[in-house]
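Scroll down for the structure; my scribbles are underneath it.
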2 protein chains.
Amino acid sequence: MQKFRDKGLKLTPQRLAIMEYLDGNRNHPSADDIYSKIRKIYPMMSFATVYNTLETLKKRGDVVEITIDPERRHYDTDTSHHHHLICKKCKKIKDIHRDFSINIPEDQKGAFEVLGNHVEFYGVCPTCNTKGE
Amino acid sequence: MQKFRDKGLKLTPQRLAIMEYLDGNRNHPSADDIYSKIRKIYPMMSFATVYNTLETLKKRGDVVEITIDPERRHYDTDTSHHHHLICKKCKKIKDIHRDFSINIPEDQKGAFEVLGNHVEFYGVCPTCNTKGE
DNA sequence: TCTAATATGATAATCTTTATCTAATTAGAA
DNA sequence: TTCTAATTAGATAAAGATTATCATATTAGA
């Protein structure tokens, strides 16, 4: 939380609410998740503010956008290098912390400047699995 | 191409045009790419038909949806297990053929049934790199 | 050639995300 | 504490991607 307070970021009640919601949140919420949840407490929250704030936090490097669910973007405050496991049914996302040290073979990389990688595992979570087919 | 002709798929001119366009196409086109291109030759092509056909081909397993560009979905007719490298600037996608044999550590997997994985490498392609900062 | 089943295309609808712009608020100086 | 410049919020429009609907047209096979 403290990490958000620095670097000339104007602290408004809306931003604080969003940051508070995100801080330590391991559920990789979507913009809509954030909006819906905070709206219950601060009904004056606007969708635009959610996107604005996410954009600001992304630029500051305090939040990372996850592209793993084709339906919508998810956000993660864990900015350390890690990977994800997604349930194809309920779309729940789980963190996978582990350095797989994967690299593109030289012959396929060519002159491409590779900046990083992200592994997306997919499958069916225990909850969805027990609910049957 | 021949692989599309089987299994009780009704062959309409529109479908054939889409299949022909996709066959051997290594550019991971988006629905819009497909639509725009084919429209020039078959002006009667509808966007709905593009999506319908993609859906059909996906179900048949002849096409795979790639979730790597947050802006839109891309499609790949190479259904073999492989990974992708995307340019953060121009969004061009390149195939990476290589089995990295990565697995989730048992303690993090739990009862999750893992069905597969996909590695997304990102960076800047040679073309965008030479265009300079 | 005929028919049942399926696909097309036009269009509306939905959903996510971005853009615009004015009024309100914040941070920091005075 | 007050004032001011800069930034942000919120309302809303707009854009863009994808899905849904449904009457009409087309296909495959009898």
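A quick note: this is a predicted structure, and the numbers were derived from the prediction, not measured. Atom set for the values below is all heavy atoms of this structure, side chains included, hydrogens, waters and symmetry mates excluded.
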Presence of B:Tyr51 side-chain N/O under 4.0 Å of D:dT18 phosphate oxygens OP1/OP2:
yes
If a pair satisfies side chain to side chain donor-acceptor pair (under 3.5 Å) and one of its residues is in residues 33-48 of chain B, list it, with sequence neighbours excluded.
B:Ser30-B:Asp33, B:Tyr35-B:Arg39
Whole-Å distance separating the CG atom of B:Leu16 from the P atom of D:dT26
15 Å
Using a cut-off of 4.0 Å on non-hydrogen atoms, how would the nucleic acid contact of B:Pro13 be classed: base, sugar-phosphate, or nothing?
sugar-phosphate
For A:Leu54 and C:dT17, give me the distance from atom CG to atom C1', rounded to whole Å.
11 Å
Position toward the 5' end of DNA chain D (nearest nucleotide), A:Ala48 or B:Asp32:
A:Ala48
Where is the tightest heavy-atom contact between B:Phe100 and A:Asn103, given as atom of each residue plus distance?
CE2-O, 3.2 Å
Polar side chain donor-acceptor pair, B:Asn27 to B:His74, under 3.5 angstrom:
no
Send over the distance from B:Ile38 CD1 to C:dG9 P, rounded to a whole Å.
11 Å
Below the 4.0 Å mark, does C:dT8 have OP1 or OP2 next to a side-chain nitrogen or oxygen of B:Ser46?
no
Nucleotide C:dT17, atom C1' - distance to OH of A:Tyr35 in whole Å
14 Å
Does A:Ala31 or A:Asn52 map to a spot on DNA chain C nearer the 5' end, using the closest nucleotide for each?
A:Ala31
Using a cut-off of strictly less than 4.0 Å, decide whether A:Arg72 has a side-chain nitrogen or oxygen near OP1 or OP2 of C:dC15.
no
Side chain of A:Met45 only, please: which of D:dG10, D:dT8, C:dA10 is the nearest?
D:dG10
When the nearest nucleotide of DNA chain C is assigned to A:Phe47 and to B:Thr53 on a heavy-atom basis, which residue is associated with the more 5' position?
B:Thr53
To the nearest Å, give me how far apart NZ (B:Lys59) and C1' (C:dA7) are.
13 Å
With distance as the sole criterion, is a donor-acceptor pair present between the side chains of A:His97 and A:Asp78 under 3.5 Å?
yes
A:Thr12 side chain: which of D:dT8, D:dA20, D:dG10 is closest?
D:dT8
Round to the nearest Å and state the distance from B:Asp33 atom CG to D:dA17 atom P.
10 Å
Identify which nucleotide among C:dA27, C:dA19, C:dA7 has an atom closest to any side-chain atom of B:Arg15, counting heavy atoms from C-beta outward.
C:dA7
Between A:Cys125 and the options A:Lys94, A:Lys92, A:Lys91, the side chain to side chain contact (heavy atoms under 4.5 Å, CB included) test singles out A:Lys92
Using a heavy-atom cut-off of 4.0 Å across all strands, would you classify B:Glu71 as base, sugar-phosphate, or nothing?
sugar-phosphate
Rounding to a whole Å, what distance do you find between A:Ile34:CD1 and C:dT16:P?
13 Å
For a quick test of reading the model: is some side-chain N or O of A:Arg73 closer than 4.0 Å to OP1 or OP2 of C:dT17?
yes
Using distance alone, with no hydrogens and no angle criterion, decide if A:Asp76 and A:His84 have a side-chain donor and acceptor under 3.5 Å apart.
yes
According to a 4.5 Å side-chain heavy-atom criterion applied to Ile, Leu, Val, Met, Phe, Trp and Tyr, with indirect links allowed, do A:Ile68 and A:Val124 form part of one hydrophobic cluster?
yes
What's the CG-P distance between A:Leu9 and C:dT26, to the nearest Å?
14 Å
Using rotation axes that map the C1' atoms of four end pairs onto the next four (five pairs an end), what angle separates the end axes of the helix from C:dT1-D:dA30 to C:dA30-D:dT1, to 10°?
30°
Name the closest nucleotide to the A:Thr49 side chain, picking from D:dA6, C:dG9, D:dA9.
D:dA9
Below the 4.0 Å mark, does C:dA7 have OP1 or OP2 next to a side-chain nitrogen or oxygen of B:Gln14?
no
Report the distance from atom CG of B:Asp62 to atom OG1 of B:Thr53, rounding to the nearest 0.5 Å.
12.0 Å
